[in-house]
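Just the heavy atoms: all of them, side chains too, but no hydrogens, waters or symmetry mates, feed the values below. Worth saying up front: this structure is predicted, and the values here are computed from it rather than measured.
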Amino acid sequence: MSNYQEVLLQAKSLTPEEQIRLIEDLSSLIRQQVMTLKPKRSILELRGLGKEIWNGVDAQEYVNQERDSWNG
């Protein structure tokens, strides 16, 4: 029997309250591991992304065209 199967069998023998506590503890453990592996990203890293798409486009004209399209 695999370790996972053994742990699952043991978890099934716990009371519902103990199972909930186990889930909470496992979630906390996993969150801590993920946070140490994956550095946080900043929204500022997206600054300027895709700006070349808007080269030569007048912002007000674009907004006017969008608004006109809403009215059919």
Side-chain angles (χ1 to χ4, degrees):
M1 184 180 291
S2 71
N3 285 341
Y4 175 83
Q5 292 298 328
E6 290 176 30
V7 171
L8 183 59
L9 188 59
Q10 291 175 358
K12 287 180 180 180
S13 70
L14 298 174
T15 66
E17 292 81 14
E18 291 172 323
Q19 289 176 348
I20 290 171
R21 182 175 169 207
L22 177 61
I23 290 170
E24 290 171 347
D25 288 344
L26 287 172
S27 296
S28 177
L29 177 67
I30 293 167
R31 261 191 240 93
Q32 289 172 2
Q33 290 175 351
V34 168
M35 295 303 263
T36 59
L37 295 176
K38 192 174 177 184
K40 290 186 177 182
R41 304 297 301 246
S42 170
I43 190 72
L44 296 176
E45 293 177 41
L46 300 176
R47 184 176 182 203
L49 186 65
K51 67 181 178 182
E52 67 279 355
I53 296 170
W54 300 101
N55 279 343
V57 176
D58 180 74
Q60 189 58 57
E61 182 59 33
Y62 176 80
V63 170
N64 292 341
Q65 288 174 2
E66 282 298 307
R67 287 180 179 157
D68 289 344
S69 73
W70 300 341
N71 297 327

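- At least one side-chain heavy atom of Ile20 sits under 4.5 Å from a side-chain heavy atom of Glu24.
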### Query
Given the rule in the side-chain contact (heavy atoms from CB on, under 4.5 Å) test, do Gln19 and Thr15 qualify, once you have shown the distances and angles that lead to the verdict?
CA-CA 6 Å; Gln19 289 176 348; Thr15 66; over 6 Å; no
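- No chain of hydrophobic side-chain contacts below 4.5 Å, direct or via other Ile, Leu, Val, Met, Phe, Trp or Tyr residues, connects Trp70 to Val63.
- Classification of Glu17 and Arg21 as a salt-bridged pair fails, no side-chain N sitting under 4.0 Å from a carboxylate O.
- Linking Ile, Leu, Val, Met, Phe, Trp and Tyr residues whenever their side-chain heavy atoms come within less than 4.5 Å leaves Ile23 and Leu29 in two separate clusters.
- At distances below 3.5 Å, not a single donor-acceptor pair connects side-chain atoms of Ser28 with backbone N or O atoms of Asp25.
- Not a single donor-acceptor pair under 3.5 Å links the side chain of Glu61 to the backbone N or O of Asp58.
- In terms of hydrophobic clustering, with Ile, Leu, Val, Met, Phe, Trp and Tyr side chains grouped at heavy-atom distances under 4.5 Å, Leu9 and Val7 are assigned to different clusters.
- Note that the CG atom of Leu22 and the OG atom of Ser27 stand 9.0 Å from one another [nearest 0.5 Å].
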### Message
Working note: Lys12 + Leu8, criterion side-chain contact (heavy atoms from CB on, under 4.5 Å); need CA distance, chi angles, decisive distance, verdict.
### Response
CA-CA 6 Å; Lys12 287 180 180 180; Leu8 183 59; 4.0 Å; yes
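- Considering CD of Glu18 and CD of Gln10, their distance stands at 12.0 Å, rounded to 0.5 Å.
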